[in-house]
Student: 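Before I ask anything, let me first share the structure, which is written out below as structure tokens.
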Amino acid sequence: MEYDEKERIRFDLTFTYDGAKQKALQKMCGSIDSGRCIVLCGASGCGKSTLLRCINRLIPEFYEGTFEGCCYIDGQDTSARSIGAVGEDAASVFQDPRSQFYTTNSTSEVAFALENYGFSQAEMARRVDAAFSEFGLEQLKGRNVFELSSGERQLVAILSAQALDASILLLDEPTANLDAAAVWELARVLAALKRRGTTLLINEHRLYYLREIADEYWVMEHGERTARYPKEEMLRLSQEDLQKMALRVLDLNQIDADLPAKINPEPPLRLKAENIAFSYHKHGSLLLDHLSFEARSGEVIGLIGSNGSGKTTLGKLIAGLYRPCGGTFYWNDQPQSSKMRRQKSIFILQEAEFQFFTNSVWNELLYGRTATPQLNAEIEEKLKAFSLWECRNRHPFSLSGGQMQKLVLLLAYFSPKPIAVLDEPTAGLDEESLQCCVDLINEMRHSKLIFLITHDLELISKACGRCLCISEGQVVQTFDFYQTDTIQQLSRYMETEFRLSEPKQSFRKKKCKRLCDPRVKFLYLLAALLVSLATDPILITSVTVSCLILTLYEQRYTTALSYSLLYAAIFLGYFLAPQSIFLFVVHYFPRFFPVCLALTAVAEHGDTARLSAALRTCHCPEKAIMITSVVFRFFPVLCKDLSMMKQSIQTRNGPGGGRQAVSRLPQYFEHILVPMMFRVIRIAESLSASAETRGIALHRKRASYVKLHFCGWDLVLTVLLVASTVCGLVLSNL
């Protein structure tokens with residue numbers, strides 16, 4: 001293939017995924033000049049993400065299938081290079097940064113690829129500082145990524161890619177979960193990157209924020225590029241032209257409210273929230289405070305606000321998944337407890353895979369209901385309308401992300417509960433799928449009160465009669481589109497009032513928490529593992545006490561107190577009833593206590609940056625370092641996911657009381673374990689793909705961005721461990 005010096009990328013590709021009957025890409029050829037911004041658009045499943053994977057070499061090295069053709073970056077054939085080597089020139093940003101982050105600290109995450117590519121510690125420090133300061137994002141530095149909003153996480157993902165100074169940036173639906181403030185902040189950063197000469201290739205459904213950035217739009221269908229519009233020509237297309245290609249609007253001013261007529265179901269049902277307050281921490285600041293509103297069945301109400309403003313929290317309060325710390329909910333003037341609200345509400349999580357309990361799409365919609373000819377006919381009709389009929393016998397976890405979104409919306413439709421709370425139901429959907437969702441929501445409102453937690457103006461314009469704007473813990477403004485308010489007024493409000501969050505006080509406190517040197521923690525873990533093979537209670541107790549002191553030093557007071565009380569209860573039970581079950585318990589369980597305490601300390605809430613640095617100073621093989629880091633990276637994710645699984649079970653079929661709850665426990669464990677296994681597989685796949693594109697598999701000498709300092713307290717804790725172990729051995733042999 002002849003190389004033109006102006007071309008940054010050139011390709012001619014065909015690809016079919018393993019097990020697929022149709023080609024994901026067919027006769028896909030093109031070229032992209034240096035400094036250009038190309039937007040890939042089209043219906044879900046048309047091959048946009050597949051094209052990005054071919055360019056960054058994840059296909060065919062990571063995702064298996066039949067690959068034909070070639071791809072050149074700066075004149076070099078990518079088939080002769082590894083994924084990590086290609087990543088130096090073409091950095092990738094995935095749709096969901098949560099499952100691509102390798103550490104839990106934003107600064108360490110930006111440095112992660114620099115470590116893999118063998119930069120010195122001084123050069124890494126310079127590039128990381130420059131990445132944050134160049135784009136005016138210093139407020140994101142040193143933050144816990146799980147405390148960041150979706151938009152902030154996406155910006156960190158872009159900074160981690162840009163720190164390499166790559167000439168190409170590949171982005172896969174970067175705004176799928178972002179609010180208005182985050183979208184425009186992302187647009188600002190992308191515009192700055194383009195001015196620097198970075199070549200941008202963006203797969204996107206939301207197109208309006210790219211009006212001033214895009215140079216060309218490639219419309220794809222069934223794995224082929226069916227149209228190619230320069231910017232000026234694309235902007236001249238009518239809404240009808242865009243809808244025919246399953247494309248969303250290019251200008252928010254084109255959006256007008258297109259709502260169906262108001263309905264007044266009989267009997268009218270009313271939900272009232274009065275002075276609701278809520279905090280995630282017992283003595284922490286209130287996220288919601290004195291929040292009040294009223295709603296009636298037949299309404300579709302949008303809950304909007306900046307990321308982190310409390311929209312999802314309010315939705316879970318409405319659905320009874322959280323208990324307010326102040327205020328009262330009323331249903332037809334009757335006070336409602338959390339349990340009573342759960343019985344009346346279904347909450348559809350943004351993470352669709354947490355809400356699937358059965359082995360097929362069909363059974364999922366029948367779950368908890370008695371099959372009748374009428375119900376079967378209705379399910380068939382809706383599956384065909386949502387293009388899911390061919391998937392009816394497939395496992396829900398085998399569906400694409402867009403198909404999962406449609407299925408969970410159908411779960412709400414077929415639920416007999418009178419209240420439905422939908423969290424971002426159209427994230428990542430094209431125009432055609434969006435319209436299907438709108439039609440279903442408009443049908444649902446005949447029998448339900450619906451709350452939509454969304455940032456999607458197009459969804460709001462077609463489905464929501466009212467919008468409640470959440471800010472500073474309260475409903476600060478209400479937009480009524482059946483009255484005088486317009487979508488343009490709401491759009492201007494979202495642009496001016498929504499803001500990226502500032503670091504919270506709680507974060508600053510966590511940042512100052514004392515942390516022991518990870519190398520000392522490894523000594524504690526090794527001692528705990530060795531002691532777990534012993535049977536002498538004195539030796540086990542001595543090492544457990546030293547692990548408890550380490551836990552107290554790191555200010556994990558709740559953990560230390562919980563283990564201490566449980567340990568004391570086991571031995572107290574043994575002394576009171578030495579010939580009972582406690583005889584077995586006292587000889588078996590205590591040996592695991594020091595292991596659990598040491599593992600908790602080593603995990604550091606999943607922050608693998610210090611862990612990797614410690615292993616590197618111990619001259620461990622890089623492969624072992626990465627495997628260990630991945631294992632500990634799952635700790636914070638799985639804790640959060642278990643909480644979501646519990647909420648999913650509660651909202652779909654909360655356990656009954658007494659004997660019924662006990663009899664259904666095996667079923668609940670199945671509902672938790674199966675989705676969790678699939679979730680772990682998905683996260684592992686995404687995390688591995690991200691790490692591959694950032695050079696994790698490259699064989700280069702590496703330094704760590706994080707500096708470790710062995711201080712006096714580390715020496716004290718090391719001496720304590722040795723002394724307690726020796727004392728335990730001496731006393732056990734007396």
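Numbers here are sequence positions counted from 1.
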Student: I'd like to know if the side chain of Ser160 and the backbone of Ala157 have a donor-acceptor N/O pair within less than 3.5 Å.
Tutor: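 At least one qualifying donor-acceptor pair exists.
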Student: Is any side-chain heavy atom of Met28 closer than 4.5 Å to a side-chain heavy atom of Leu51?
Tutor: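 They are in contact (side-chain heavy atoms under 4.5 Å apart), so the answer is yes.
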Student: Find out whether Lys231 and Glu216 are in side-chain contact, i.e. whether some heavy atom of one side chain is under 4.5 Å from a heavy atom of the other.
Tutor: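 Of all side-chain heavy-atom pairs linking Glu216 with Lys231, none is under 4.5 Å.
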Student: Indicate yes or no for a side-chain donor-acceptor contact from Ser133 to the backbone of Asp129 under 3.5 Å, with no hydrogens or angles considered.
Tutor: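 Answer holds: yes.
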Student: Could you tell me the separation between the SG atom of Cys467 and the CE atom of Met494, rounded to the nearest 0.5 Å?
Tutor: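 Output value for this atom pair is 8.0 Å.
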Student: Does Arg702 reach the side chain of Asn116, with side-chain heavy atoms less than 4.5 Å apart?
Tutor: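 The answer is yes; the side chains approach within 4.5 Å.
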Student: Hey, does Phe479 have a side-chain heavy atom less than 4.5 Å from the side chain of Ile460?
Tutor: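 Answer no - side chains too far apart.
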Student: For Arg188 and Glu185, run salt bridge (charged side-chain N to carboxylate O under 4.0 Å, His left out): C-alpha distance rounded to whole Å, both residues' side-chain angles, the deciding distance at 0.1 Å, then the answer.
Tutor: CA-CA 5 Å; Arg188 182 185 70 81; Glu185 183 68 9; 2.6 Å; yes
Student: Is there a side-chain contact (heavy atoms from CB on, under 4.5 Å) between Leu169 and Thr199? Walk through the geometry before answering.
Tutor: CA-CA 6 Å; Leu169 191 59; Thr199 303; over 6 Å; no
Student: I'd like to know if the side chain of Lys311 reaches the main chain of Leu452, judged simply by a donor and an acceptor atom lying under 3.5 Å from each other, with no hydrogens or angles considered.
Tutor: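 It does not hold such a pair.
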Student: Rounded to the nearest 0.5 Å, how far apart are CG of Leu25 and CG of Leu13?
Tutor: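 If we round to the nearest 0.5 Å, Leu25:CG and Leu13:CG are 6.5 Å apart.
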Student: Taking all atoms of both residues into account, what is the closest heavy-atom pair of Asp89 and Ala166, and its distance?
Tutor: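 What the structure gives for the nearest pair is O-CB, 3.7 Å.
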Student: Quick check against the 3.5 Å criterion: does Lys27 have a side-chain atom that pairs as donor or acceptor with the backbone of Glu224?
Tutor: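 Between the backbone of Glu224 and the side chain of Lys27 there is no qualifying donor-acceptor contact (under 3.5 Å).
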Student: Does Arg127 pair with Asp165 as a salt bridge, N-O distance under 4.0 Å?
Tutor: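 No, Arg127 and Asp165 are not salt-bridged.
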Student: Have a look at Glu431 and tell me which of Arg248, Lys462, Arg206 forms a salt bridge (charged side-chain N to carboxylate O under 4.0 Å, His left out) with it.
Tutor: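 Going through the options one by one, the only one that passes is Lys462.
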Student: Nearest 0.5 angstrom please: Ser387 OG to Glu432 CD, how far?
Tutor: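 Going from OG on Ser387 over to CD on Glu432, the span is 6.0 Å.
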Student: Could you tell me whether a side-chain N or O of Asp241 sits under 3.5 Å from a main-chain N or O of Leu237, the two making a donor and an acceptor?
Tutor: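 No, the answer is negative, given that no donor and acceptor are paired below the 3.5 Å cut-off.
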Student: Could you go step by step and tell me if Ile304 and Leu490 meet the side-chain contact (heavy atoms from CB on, under 4.5 Å) rule?
Tutor: CA-CA 10 Å; Ile304 67 169; Leu490 176 61; 3.2 Å; yes
Student: Given Ile168 and Leu170, is the side-chain contact (heavy atoms from CB on, under 4.5 Å) satisfied, shown in steps?
Tutor: CA-CA 7 Å; Ile168 300 168; Leu170 311 174; 3.7 Å; yes
Student: Any side-chain heavy-atom pair from Met234 and Leu242 closer than 4.5 angstrom?
Tutor: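 A side-chain contact under 4.5 Å exists here.
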Student: Look only at the side chain of Thr198 and the backbone of Ser167, and say whether a donor-acceptor pair between them is shorter than 3.5 Å.
Tutor: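 No; zero donor-acceptor contacts below 3.5 Å.
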Student: Please check if any side-chain donor atom of Thr693 sits under 3.5 Å from a side-chain acceptor atom of Asn56, or the reverse.
Tutor: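 There is no such pair between these side chains.
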Student: To check you understand the geometry: which heavy-atom pair defines the closest contact between Pro60 and Phe67, and what is its length?
Tutor: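 The pair with the smallest heavy-atom distance is CB-CB, 3.8 Å.
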Student: What do the steps show when you test Gln22 against Thr16 for side-chain hydrogen bond (donor to acceptor under 3.5 Å, both in side chains), and what is the final call?
Tutor: CA-CA 7 Å; Gln22 296 181 335; Thr16 307; over 6 Å; no
Student: Is the backbone N or O of Ser309 less than 3.5 Å from a side-chain atom of Ser306, with the two atoms forming a donor-acceptor pair by type?
Tutor: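 Between the backbone of Ser309 and the side chain of Ser306 there is no qualifying donor-acceptor contact (under 3.5 Å).
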Student: Any side-chain heavy-atom pair from Val39 and Trp218 closer than 4.5 angstrom?
Tutor: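 Contact flag for Val39/Trp218 side chains = no.
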Student: Tell me whether the guanidinium CZ or amine NZ of Arg10 lies under 6.0 angstrom from the six-membered ring centre of Tyr72 and within 45° of its axis.
Tutor: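 Pair Arg10/Tyr72 does not count as cation-pi.
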Student: We want to know whether Asp456 and Thr426 form a side-chain donor-acceptor pair, criterion being a heavy-atom distance below 3.5 angstrom.
Tutor: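 Yes.
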Student: Answer yes or no: is there an ion pair linking Glu233 with Arg236, defined by an N-O contact shorter than 4.0 Å?
Tutor: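 Answer for the salt bridge query: no.
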Student: Measuring from atom CG of Leu148 to atom CG of Leu140, what distance do you get when rounded to the nearest 0.5 angstrom?
Tutor: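 CG of Leu140 is found 6.5 Å from CG of Leu148.
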Student: Scan for salt bridge (Lys or Arg N to Asp or Glu O under 4.0 Å) pairs involving residues 55-70, sequence neighbours excluded, and state none if there are none.
Tutor: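 Residue pairs passing salt bridge (Lys or Arg N to Asp or Glu O under 4.0 Å), neighbours aside: Arg57-Glu61.
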Student: Can Arg8 and Asp74 be counted as an ion pair, charged N to O under 4.0 angstrom?
Tutor: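 Counted as a salt bridge, because a side-chain N and a carboxylate O are separated by less than 4.0 Å.
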Student: Can you check ring-ring contact (aromatic ring centres under 6.0 Å, His included) on Tyr705 and Phe119, steps first, answer last?
Tutor: CA-CA 9 Å; Tyr705 173 77; Phe119 287 89; over 10 Å; no
Student: Does any donor atom in the side chain of Asn105 or Thr103 lie under 3.5 Å from an acceptor atom in the other side chain?
Tutor: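 No.
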Student: Is Glu88 salt-bridged to Arg700, going by a charged N under 4.0 Å from an acidic O?
Tutor: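 Salt bridge: yes.
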Student: Under the criterion side chain to side chain donor-acceptor pair (under 3.5 Å), which of Arg694, Arg153, Arg143 is the partner of Glu109?
Tutor: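 Considering Arg694, Arg153, Arg143, a side chain to side chain donor-acceptor pair (under 3.5 Å) with Glu109 is found only for Arg694.
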Student: Tyr229 vs Tyr217, test: ring-ring contact (aromatic ring centres under 6.0 Å, His included). Steps then yes/no.
Tutor: CA-CA 5 Å; Tyr229 294 101; Tyr217 296 81; 8.3 Å; no
Student: Nearest 0.5 Å, what's the NZ-CD distance between Lys48 and Glu173?
Tutor: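 One gets 6.0 Å once the value is rounded to the nearest 0.5 Å.
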Student: Heavy-atom distance under 4.5 Å between the side chains of Leu171 and Val93, does that happen here?
Tutor: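 Leu171 vs Val93: side chains touch.
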Student: At what distance, to the nearest 0.5 angstrom, does CG of Leu250 lie from CZ of Arg211?
Tutor: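 Reported value, rounded in 0.5 Å steps: 7.0 Å.
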Student: Can any side-chain N or O of Lys406 pair as donor or acceptor with the backbone N or O of Leu388 at less than 3.5 Å?
Tutor: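 No, Lys406 side chain to Leu388 backbone: no donor-acceptor pair under 3.5 Å.
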Student: Is it true that a side-chain atom of Ser106 and a backbone atom of Gly142 form a donor plus acceptor pair closer than 3.5 Å?
Tutor: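 Pair found, side chain donor or acceptor close to backbone of Gly142.
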Student: Test your reading of the model: is there a side-chain donor-acceptor pair from Ser491 to the backbone of Gln488, 3.5 Å cut-off?
Tutor: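 Answer holds: no.
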Student: Between Asp215 and Gly35, what is the shortest heavy-atom contact and its length?
Tutor: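 Closest approach of Asp215 to Gly35, heavy atoms only: OD2-O, 4.2 Å.
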Student: Between Ile301 and Cys464, which heavy-atom pair has the shortest distance, and what is it?
Tutor: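 Closest pair (atom of Ile301, atom of Cys464, distance): C-SG, 4.3 Å.
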Student: Identify the heavy atoms of Ala131 and Val110 that sit nearest to each other, and give their distance.
Tutor: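 Smallest interatomic distance, heavy atoms only, reads CB-CG1, 4.3 Å.
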Student: Are there over 12 heavy-atom neighbours, none belonging to Gln121, within less than 6.0 Å of that residue's CD?
Tutor: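 Result for CD/Gln121: enclosed.
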Student: Could you check whether Thr104 and Asn144, counting side-chain N and O atoms only, form a donor-acceptor pair closer than 3.5 Å?
Tutor: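 No - no donor-acceptor pair under 3.5 Å links their side chains.
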Student: Indicate yes or no: at least one non-hydrogen side-chain atom of Leu159 is less than 4.5 angstrom from one of Val128.
Tutor: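 Sidechains of Val128 and Leu159: no contact.
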Student: Just say parallel, tilted or perpendicular for the rings of Phe15 and Tyr17, cut-offs at 30° and 60°.
Tutor: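 Phe15 and Tyr17: perpendicular rings.
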Student: Dump the intermediate steps for side-chain hydrogen bond (donor to acceptor under 3.5 Å, both in side chains) on Asp423 and Thr312, then the final yes or no.
Tutor: CA-CA 7 Å; Asp423 193 359; Thr312 298; 3.2 Å; yes
Student: Could you pull out the closest heavy-atom pair between Gln489 and Thr484, with the gap in Å?
Tutor: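 Heavy-atom minimum between the residues: OE1-O, 3.8 Å.
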Student: Could you go step by step and tell me if Phe132 and Gln139 meet the side-chain contact (heavy atoms from CB on, under 4.5 Å) rule?
Tutor: CA-CA 8 Å; Phe132 283 100; Gln139 76 274 16; over 6 Å; no
